[in-house]
Amino acid sequence: MKAAVISFPGSNCDFDMLYALQDFGVDAQIISAKANDLTGFDAIFLPGGFSYGDYLRTGAIARFSPIMSAVTQAANDGKLIVGICNGFQILTEAGLLPGQLLVNATPGFICDEVPLSIANSQTAFTNAYDPAETIMIPIAHGEGNYYADDATLAKLEENQQVVFRYVENPNGSANDIAGIMNEQGNVFGMMPHPERAVDAVTGNIDGQNFFKSILSGILARA
(Lines give C-alpha, C1' and ligand atoms only; values in the text may rest on other atoms or scores of the structure.)
Protein backbone atom coordinates (compact mmCIF):
# COMPACT_ATOMS: atom_id res chain seq x y z
CA MET A 1 0.00 0.00 0.00
CA LYS A 2 1.30 3.43 -0.96
CA ALA A 3 -0.09 6.45 0.89
CA ALA A 4 0.27 10.22 0.57
CA VAL A 5 0.10 12.45 3.63
CA ILE A 6 -0.71 15.99 2.50
CA SER A 7 1.21 18.74 4.27
CA PHE A 8 -0.51 22.12 4.20
CA PRO A 9 1.11 25.29 5.56
CA GLY A 10 0.15 25.04 9.23
CA SER A 11 -0.27 21.25 9.35
CA ASN A 12 1.17 19.90 12.60
CA CYS A 13 -0.01 16.27 12.60
CA ASP A 14 1.43 15.30 9.23
CA PHE A 15 4.41 13.46 10.70
CA ASP A 16 2.21 11.86 13.39
CA MET A 17 0.19 10.36 10.55
CA LEU A 18 3.29 9.47 8.53
CA TYR A 19 4.87 7.56 11.42
CA ALA A 20 1.62 5.80 12.30
CA LEU A 21 1.25 4.56 8.71
CA GLN A 22 4.87 3.49 8.56
CA ASP A 23 4.40 1.53 11.79
CA PHE A 24 1.94 -0.63 9.85
CA GLY A 25 4.32 -1.19 6.98
CA VAL A 26 2.71 1.36 4.66
CA ASP A 27 4.90 3.04 2.06
CA ALA A 28 3.91 6.55 3.12
CA GLN A 29 5.36 9.91 2.17
CA ILE A 30 4.69 13.57 2.81
CA ILE A 31 3.30 15.44 -0.21
CA SER A 32 3.22 19.24 -0.36
CA ALA A 33 -0.09 21.05 -0.79
CA LYS A 34 1.61 22.78 -3.72
CA ALA A 35 1.75 19.50 -5.65
CA ASN A 36 -0.99 18.62 -8.14
CA ASP A 37 -0.51 14.92 -8.84
CA LEU A 38 -1.40 11.94 -6.64
CA THR A 39 -1.07 9.28 -9.31
CA GLY A 40 0.23 6.01 -7.93
CA PHE A 41 -1.08 6.39 -4.38
CA ASP A 42 -3.65 3.94 -2.99
CA ALA A 43 -4.80 6.25 -0.19
CA ILE A 44 -4.52 9.93 0.65
CA PHE A 45 -4.48 11.33 4.19
CA LEU A 46 -5.27 14.93 5.13
CA PRO A 47 -3.85 15.41 8.64
CA GLY A 48 -4.71 17.67 11.55
CA GLY A 49 -3.32 21.10 12.24
CA PHE A 50 -4.14 24.70 11.42
CA SER A 51 -3.93 24.90 7.65
CA TYR A 52 -3.14 28.43 6.50
CA GLY A 53 -3.56 29.56 10.11
CA ASP A 54 -7.27 28.64 10.11
CA TYR A 55 -8.02 32.10 8.74
CA LEU A 56 -11.57 32.77 7.49
CA ARG A 57 -12.85 29.30 8.51
CA THR A 58 -11.02 26.11 9.30
CA GLY A 59 -10.13 24.50 5.98
CA ALA A 60 -11.58 27.31 3.88
CA ILE A 61 -8.26 28.36 2.34
CA ALA A 62 -6.75 24.87 2.18
CA ARG A 63 -9.70 23.85 0.05
CA PHE A 64 -8.18 25.96 -2.78
CA SER A 65 -4.67 24.45 -2.54
CA PRO A 66 -3.36 22.99 -5.81
CA ILE A 67 -3.32 19.48 -4.29
CA MET A 68 -7.09 19.50 -3.74
CA SER A 69 -7.88 19.03 -7.42
CA ALA A 70 -5.81 15.84 -7.26
CA VAL A 71 -7.53 14.80 -4.01
CA THR A 72 -10.91 15.30 -5.67
CA GLN A 73 -9.82 13.27 -8.69
CA ALA A 74 -8.55 10.48 -6.44
CA ALA A 75 -11.88 10.48 -4.59
CA ASN A 76 -13.77 10.28 -7.88
CA ASP A 77 -11.52 7.37 -8.89
CA GLY A 78 -12.60 5.49 -5.77
CA LYS A 79 -9.35 5.77 -3.83
CA LEU A 80 -9.46 6.00 -0.05
CA ILE A 81 -9.37 9.57 1.25
CA VAL A 82 -9.00 10.14 5.00
CA GLY A 83 -9.30 13.51 6.73
CA ILE A 84 -8.45 13.78 10.42
CA CYS A 85 -9.45 16.86 12.45
CA ASN A 86 -8.38 19.78 10.20
CA GLY A 87 -8.38 17.27 7.34
CA PHE A 88 -12.06 16.55 8.05
CA GLN A 89 -12.75 20.28 8.01
CA ILE A 90 -10.98 20.60 4.65
CA LEU A 91 -13.01 17.72 3.17
CA THR A 92 -16.29 19.41 4.15
CA GLU A 93 -15.12 22.75 2.76
CA ALA A 94 -14.19 21.01 -0.50
CA GLY A 95 -17.62 19.39 -0.73
CA LEU A 96 -16.17 15.88 -0.56
CA LEU A 97 -18.13 15.26 2.65
CA PRO A 98 -21.44 16.84 3.70
CA GLY A 99 -21.90 19.22 6.60
CA GLN A 100 -19.70 21.72 8.36
CA LEU A 101 -17.52 21.86 11.48
CA LEU A 102 -18.50 24.76 13.72
CA VAL A 103 -17.04 26.29 16.88
CA ASN A 104 -17.46 23.95 19.84
CA ALA A 105 -20.79 24.36 21.63
CA THR A 106 -18.82 25.67 24.60
CA PRO A 107 -16.25 27.88 22.84
CA GLY A 108 -12.66 26.96 23.53
CA PHE A 109 -10.01 24.45 22.55
CA ILE A 110 -10.56 20.91 23.84
CA CYS A 111 -7.57 18.61 24.34
CA ASP A 112 -8.69 15.32 25.84
CA GLU A 113 -9.25 11.61 25.28
CA VAL A 114 -12.85 10.64 24.66
CA PRO A 115 -14.87 7.43 24.26
CA LEU A 116 -16.22 6.60 20.82
CA SER A 117 -18.71 3.97 19.74
CA ILE A 118 -18.51 2.16 16.41
CA ALA A 119 -21.61 3.32 14.52
CA ASN A 120 -20.84 1.21 11.45
CA SER A 121 -18.32 -1.62 11.67
CA GLN A 122 -18.72 -2.63 8.01
CA THR A 123 -16.52 0.07 6.48
CA ALA A 124 -12.99 0.38 5.14
CA PHE A 125 -12.15 2.30 8.31
CA THR A 126 -13.73 0.14 11.03
CA ASN A 127 -13.84 -3.47 9.83
CA ALA A 128 -11.22 -4.55 12.39
CA TYR A 129 -13.29 -3.27 15.33
CA ASP A 130 -15.92 -5.19 17.27
CA PRO A 131 -19.23 -3.41 16.57
CA ALA A 132 -20.07 -3.43 20.30
CA GLU A 133 -16.79 -2.01 21.57
CA THR A 134 -16.07 1.46 22.90
CA ILE A 135 -12.67 2.94 22.13
CA MET A 136 -10.76 5.87 23.61
CA ILE A 137 -9.31 8.29 21.05
CA PRO A 138 -7.62 11.70 21.63
CA ILE A 139 -9.25 14.92 20.46
CA ALA A 140 -7.71 18.37 20.02
CA HIS A 141 -9.89 21.01 18.41
CA GLY A 142 -11.71 24.29 18.82
CA GLU A 143 -14.08 23.82 15.89
CA GLY A 144 -15.26 20.23 16.02
CA ASN A 145 -18.99 20.77 16.35
CA TYR A 146 -20.41 18.81 13.40
CA TYR A 147 -23.45 20.45 11.82
CA ALA A 148 -25.71 19.47 8.94
CA ASP A 149 -29.32 20.30 8.16
CA ASP A 150 -32.05 17.83 9.10
CA ALA A 151 -32.34 16.39 5.59
CA THR A 152 -28.61 15.73 5.39
CA LEU A 153 -28.54 14.16 8.85
CA ALA A 154 -31.45 11.91 7.93
CA LYS A 155 -29.64 10.83 4.76
CA LEU A 156 -26.42 10.12 6.68
CA GLU A 157 -28.33 7.93 9.13
CA GLU A 158 -30.37 6.16 6.47
CA ASN A 159 -27.28 5.34 4.40
CA GLN A 160 -25.26 4.30 7.47
CA GLN A 161 -22.65 6.94 6.66
CA VAL A 162 -22.05 7.73 10.33
CA VAL A 163 -18.95 5.73 11.22
CA PHE A 164 -18.05 6.88 14.76
CA ARG A 165 -20.12 8.57 17.48
CA TYR A 166 -19.13 10.29 20.68
CA VAL A 167 -20.31 8.41 23.75
CA GLU A 168 -20.05 11.65 25.76
CA ASN A 169 -20.45 14.48 23.26
CA PRO A 170 -17.64 16.98 23.93
CA ASN A 171 -18.42 19.66 21.35
CA GLY A 172 -22.16 19.69 20.54
CA SER A 173 -21.95 17.68 17.31
CA ALA A 174 -25.34 16.78 15.81
CA ASN A 175 -26.36 13.18 16.50
CA ASP A 176 -23.10 12.77 18.49
CA ILE A 177 -21.27 12.42 15.15
CA ALA A 178 -17.49 12.00 15.42
CA GLY A 179 -16.80 10.63 11.94
CA ILE A 180 -18.63 10.13 8.64
CA MET A 181 -18.01 8.80 5.14
CA ASN A 182 -19.44 9.60 1.73
CA GLU A 183 -22.13 7.48 0.08
CA GLN A 184 -19.53 5.50 -1.87
CA GLY A 185 -17.65 4.66 1.32
CA ASN A 186 -14.20 5.79 0.15
CA VAL A 187 -14.01 9.33 1.59
CA PHE A 188 -13.91 9.57 5.36
CA GLY A 189 -13.45 12.28 7.96
CA MET A 190 -13.33 12.35 11.75
CA MET A 191 -12.36 14.90 14.38
CA PRO A 192 -10.61 12.54 16.86
CA HIS A 193 -7.00 11.49 16.23
CA PRO A 194 -6.49 7.70 15.84
CA GLU A 195 -2.88 8.28 14.76
CA ARG A 196 -2.17 9.41 18.33
CA ALA A 197 -3.37 6.09 19.74
CA VAL A 198 -1.26 3.46 17.99
CA ASP A 199 1.86 3.13 20.17
CA ALA A 200 1.84 1.43 23.57
CA VAL A 201 4.30 4.04 24.84
CA THR A 202 1.42 6.55 24.83
CA GLY A 203 -0.72 4.25 26.95
CA ASN A 204 -3.36 3.91 24.25
CA ILE A 205 -3.50 1.60 21.22
CA ASP A 206 -7.22 1.94 20.44
CA GLY A 207 -6.36 3.57 17.11
CA GLN A 208 -4.50 0.53 15.80
CA ASN A 209 -7.60 -1.16 14.41
CA PHE A 210 -8.39 1.99 12.43
CA PHE A 211 -5.20 1.50 10.42
CA LYS A 212 -5.63 -2.28 10.27
CA SER A 213 -9.10 -1.69 8.82
CA ILE A 214 -7.71 0.60 6.12
CA LEU A 215 -5.04 -1.94 5.18
CA SER A 216 -7.73 -4.61 4.97
CA GLY A 217 -9.89 -2.32 2.85
CA ILE A 218 -7.03 -1.61 0.43
CA LEU A 219 -6.28 -5.32 0.06
CA ALA A 220 -9.98 -6.03 -0.56
CA ARG A 221 -9.97 -3.49 -3.42
CA ALA A 222 -6.79 -4.91 -4.98
Can you tell me if [X] and [Y] form a side-chain donor-acceptor pair at under 3.5 Å?
X	Y	value
N159	Q161	yes
N171	S173	yes
Q89	N86	yes
T72	S69	no
N186	Q184	no
Q100	E93	yes
S65	Y52	yes
D149	T152	yes

Are [X] and [Y] connected, step by step, through hydrophobic side chains (Ile, Leu, Val, Met, Phe, Trp, Tyr) whose heavy atoms are closer than 4.5 Å?
X	Y	answer
Y55	L102	no
V163	M136	no
I6	M1	yes
F24	F210	yes

Taking side chain as C-beta onward, heavy atoms only, is [X] less than 4.5 Å from [Y]?
X	Y	value
R165	N175	yes
L101	Y147	no
I31	I67	yes

With rounding to the nearest 0.5 angstrom, report the [atom1] to [atom2] distance, [X] to [Y].
X	Y	atom1	atom2	value
N169	N104	CG	CG	9.5 Å
L38	I81	CG	CD1	7.5 Å
N209	Y129	CG	OH	5.5 Å
L46	S11	CG	OG	8.0 Å
E183	E158	CD	CD	9.5 Å
F125	F211	CZ	CZ	12.0 Å

Verdict with reasoning, E113 to R196, per salt bridge (charged side-chain N to carboxylate O under 4.0 Å, His left out): CA-CA 10 Å; E113 194 173 72; R196 296 182 180 177; over 6 Å; no
How far apart are the closest heavy atoms of [X] and [Y], and which atoms are they?
X	Y	value
P47	V5	CG-CG1, 4.2 Å
P192	L116	CG-CD1, 3.9 Å
F109	G142	CD1-N, 3.6 Å

Stepwise salt bridge (charged side-chain N to carboxylate O under 4.0 Å, His left out) check, K79 with D42: CA-CA 6 Å; K79 295 184 179 182; D42 301 300; over 6 Å; no
Flag if over 12 foreign heavy atoms under 6.0 Å of CD1, I205: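 No.
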Enclosure of Q122 CD (heavy-atom neighbours >12, cutoff 6.0 Å):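 Result for CD/Q122: open.
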I180: which of F188, F164, F88 passes side-chain contact (heavy atoms from CB on, under 4.5 Å):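 Among F188, F164, F88, the one meeting side-chain contact (heavy atoms from CB on, under 4.5 Å) with I180 is F88.
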Test side chain to side chain contact (heavy atoms under 4.5 Å, CB included) applied to Q29 and F41, step by step: CA-CA 10 Å; Q29 59 183 280; F41 291 102; 3.8 Å; yes
